[in-house]
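One structure is given here, and the rest of the page talks about it.
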Amino acid sequence: GDRAPGTTGVFFFTMNKNDDGDTCSEEMQPSQQLDMIWDHVLEHNSKACPKQKRSWPSYKAIMDDITNADYTQVLTCPHDVTKKSRISGNDEMMSKTFCAYGVVSKVKIEMFQEKKHEYSHVKSYTGLLRPGQTVDHCIIRMSNAMKPPATESNMFGRFFLKATGGKLKNAKLFPMVAIKALRGKGVRSGNLLFAGPKIGQKTDNFFEQSVCTQITERVPRLLQSVIKKFYSYSDYPLSLGVSDFCSFDKNGDKSETLEFPYVVVLKPVYEIQEQEQSKSKRFDSFIEDLLKIPTGSVLFDIYACPDPSSALHPGMIQRIGRITTTSEMTPSPPNDGLFFRHQKKDEDFDVRPSWRDEVKGVCLAKDGSMEGTIGTLVGADFLEKSINEKKFIDYGEA
């Protein structure tokens with residue numbers, strides 16, 4: 001499971017175990033891989049008790065996961081479904097602590113044809129983000145990072161509220177999105193992961209705010225000790241890599257030249273009508289709302305920020321594609337075994353060494369309330385405000 005990013009190998013599907021707890025199927029087409037994963041999800045759901053109440057992990061369980069888990073697996077494992085527990089390593093279906101419950105759907109990624117623009121140094125992206133193609137065989141998982149701390153009246157919930165200066169007090173949701181694109185010729189799937197602002201959002205509308213491959217690194221002092229472990233795995237643990245997604249295309253062909261953006265943003269397009277929203281008072285009623293989304297729905301527009309410096313210039317952000325459902329939604333519980341590999345941002349910077357200095361560039365918050373660097377302040381909220389200025393390069397224009 002430790003092959004280097006982008007190198008080829010047999011597609012792994014861990015339904016039946018071998019000595020390592022995994023088995024590999026014969027090399028399959030992306031459509032076959034998708035069907036196999038989807039059948040597993042549906043079969044798993046068919047065996048679950050439909051009336052079973054969702055039991056979200058406690059904050060103590062989350063703290064234990066941070067303290068005890070080996071995160072090497074999420075950075076190196078090439079599998080799309082896995083049985084291995086991160087903490088125990090036992091041969092049991094992996095159960096998620098973060099993003100425990102959500103929904104999944106089959107989707108397609110439509111990349112718009114590139115338009116001419118004035119920024120000659122910005123190259124066309126490659127691999128799964130190459131302009132003018134449709135990546136048909138993908139899965140999206142939409143979930144919530146954790147239950148709101150205000151709902152947990154114990155020392156761990158109180159600690160999180162205190163550590164953030166009360167900023168999480170009104171949080172109802174922490175939207176998270178993961179995308180998996182299946183590739184041919186035995187190349188492992190391409191995965192992208194997205195998060196909204198760290199402080200969450202005040203409404204239970206999942207499509208309220210944009211999500212981004214980068215979370216701001218401005219962290220309250222009390223929480224720095226909590227996330228300290230992540231820095232043993234990466235110098236940039238709150239940012240996720242994009243280069244692997246652009247290294248091979250949907251057919252499994254390697255990109256001759258590797259071109260990828262600094263960050264990718266998903267801006268919601270789908271709107272949940274107020275009359276369709278669940279009347280439940282539970283914070284996780286968003287799941288019932290998402291399960292009503294029909295096939296053929298455009299969920300998100302895809303935006304890209306070419307390099308760190310361009311994050312400061314709304315006119316350099318690009319609208320490059322969109323994500324559309326190709327199936328109905330189905331539940332994704334903690335133990336369905338679905339796995340989305342995380343790529344270290346360090347691997348992007350290894351390909352673009354100059355970006356390490358660029359992210360240190362001075363950056364002002366959009367409301368002028370604070371000064372920091374591109375690396376510490378640029379995230380979903382910052383980039384959404386830039387997109388809302390409507391100065392971006394729009395590849396989707398007719």
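It should be emphasised that the depicted structure is a prediction, and the values quoted were computed from it without experimental measurement.
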Taking atom CD of Glu328 as the centre, report whether more than 12 heavy atoms of other residues, nucleotides or ligands fall under 6.0 Å from it.
no
For atom NZ of Lys385, decide whether the heavy atoms of other residues, nucleotides or ligands shown that lie under 6.0 angstrom number more than 12.
yes
Should [X] and [Y] be regarded as members of a common hydrophobic cluster, given that ILVMFWY residues are connected when their side-chain heavy atoms come within less than 4.5 Å of each other, either directly or indirectly?
X      : Y      : value
Phe112 : Leu299 : yes
Val269 : Leu383 : no
Val359 : Leu364 : no
Ile293 : Val103 : yes
Val351 : Val263 : yes

side-chain contact (heavy atoms from CB on, under 4.5 Å) partner of His342, chosen from Val74, Thr76, Asn191:
Val74
Regarding [X] and [Y], does a basic nitrogen lie under 4.0 Å from an acidic carboxylate oxygen?
X      : Y      : answer
Arg130 : Asp249 : no
Lys115 : Asp394 : no
Lys172 : Asp204 : no
Arg183 : Asp244 : yes
Glu288 : Lys292 : no
Asp336 : Lys96  : yes

[X] side chain to [Y] backbone, donor-acceptor under 3.5 Å:
X      : Y      : value
Arg141 : Cys99  : yes
Asn205 : Ile272 : no
Asn144 : Phe174 : yes
Ser310 : His313 : no
Ser234 : Tyr236 : yes
Thr325 : Pro294 : yes
Gln32  : Gln29  : yes
Thr213 : Leu193 : no
Thr324 : Lys108 : no

Note, [X] side chain near [Y] side chain (heavy atom, < 4.5 Å):
X      : Y      : value
Lys250 : Ile109 : no
Asp348 : Val242 : yes
Ile320 : Pro131 : no
Lys185 : Asp253 : yes
Met142 : Phe207 : yes
Asp80  : Ile139 : no
Cys246 : Leu258 : yes
Met316 : Ser309 : no

Can you name the nearest heavy-atom pair linking [X] to [Y], along with the distance?
X      : Y      : result
Arg356 : Phe349 : NH1-O, 3.2 Å
Phe206 : Ser143 : CE1-O, 3.1 Å
Thr257 : Thr126 : O-CG2, 3.0 Å
Ile374 : Glu358 : CD1-O, 3.4 Å
Gly190 : Leu128 : CA-CD1, 4.0 Å
Leu377 : Met370 : CD2-SD, 3.7 Å

[atom2] on [Y] to [atom1] on [X], rounded to 0.5 Å:
X      : Y      : atom1 : atom2 : result
Ser210 : Tyr303 : OG    : OH    : 8.0 Å
Lys180 : Arg188 : NZ    : CZ    : 10.5 Å
Ser239 : Lys344 : OG    : NZ    : 13.5 Å
Ser332 : Tyr101 : OG    : OH    : 10.5 Å
Glu110 : Asp136 : CD    : CG    : 8.5 Å
Met111 : Ile302 : CE    : CD1   : 5.5 Å

Do [X] and [Y] have side-chain N/O donor and acceptor atoms under 3.5 Å apart?
X      : Y      : result
Ser386 : Lys366 : yes
Gln214 : Tyr262 : yes
Asp367 : Ser369 : yes

Between Trp56 and Phe286, how do the two ring planes meet: parallel, tilted or perpendicular, split at 30° and 60°?
tilted
Residues Ile37, Leu182; criterion side chain to side chain contact (heavy atoms under 4.5 Å, CB included); working and verdict:
CA-CA 10 Å; Ile37 296 169; Leu182 286 313; 4.1 Å; yes
For the pair Ile179 and Leu266, evaluate side chain to side chain contact (heavy atoms under 4.5 Å, CB included) and give the outcome as yes or no after the intermediate values.
CA-CA 11 Å; Ile179 292 174; Leu266 300 184; 4.0 Å; yes
Carefully, step by step, assess Ile287 and Arg54 under the rule side chain to side chain contact (heavy atoms under 4.5 Å, CB included).
CA-CA 11 Å; Ile287 291 178; Arg54 289 185 287 267; 3.6 Å; yes
Can you check side chain to side chain contact (heavy atoms under 4.5 Å, CB included) on Phe300 and Val177, steps first, answer last?
CA-CA 11 Å; Phe300 299 99; Val177 176; 4.0 Å; yes
For Phe260 and Trp355, I'd like to know if the aromatic rings sit close, meaning centre-to-centre distance below 6.0 Å.
yes
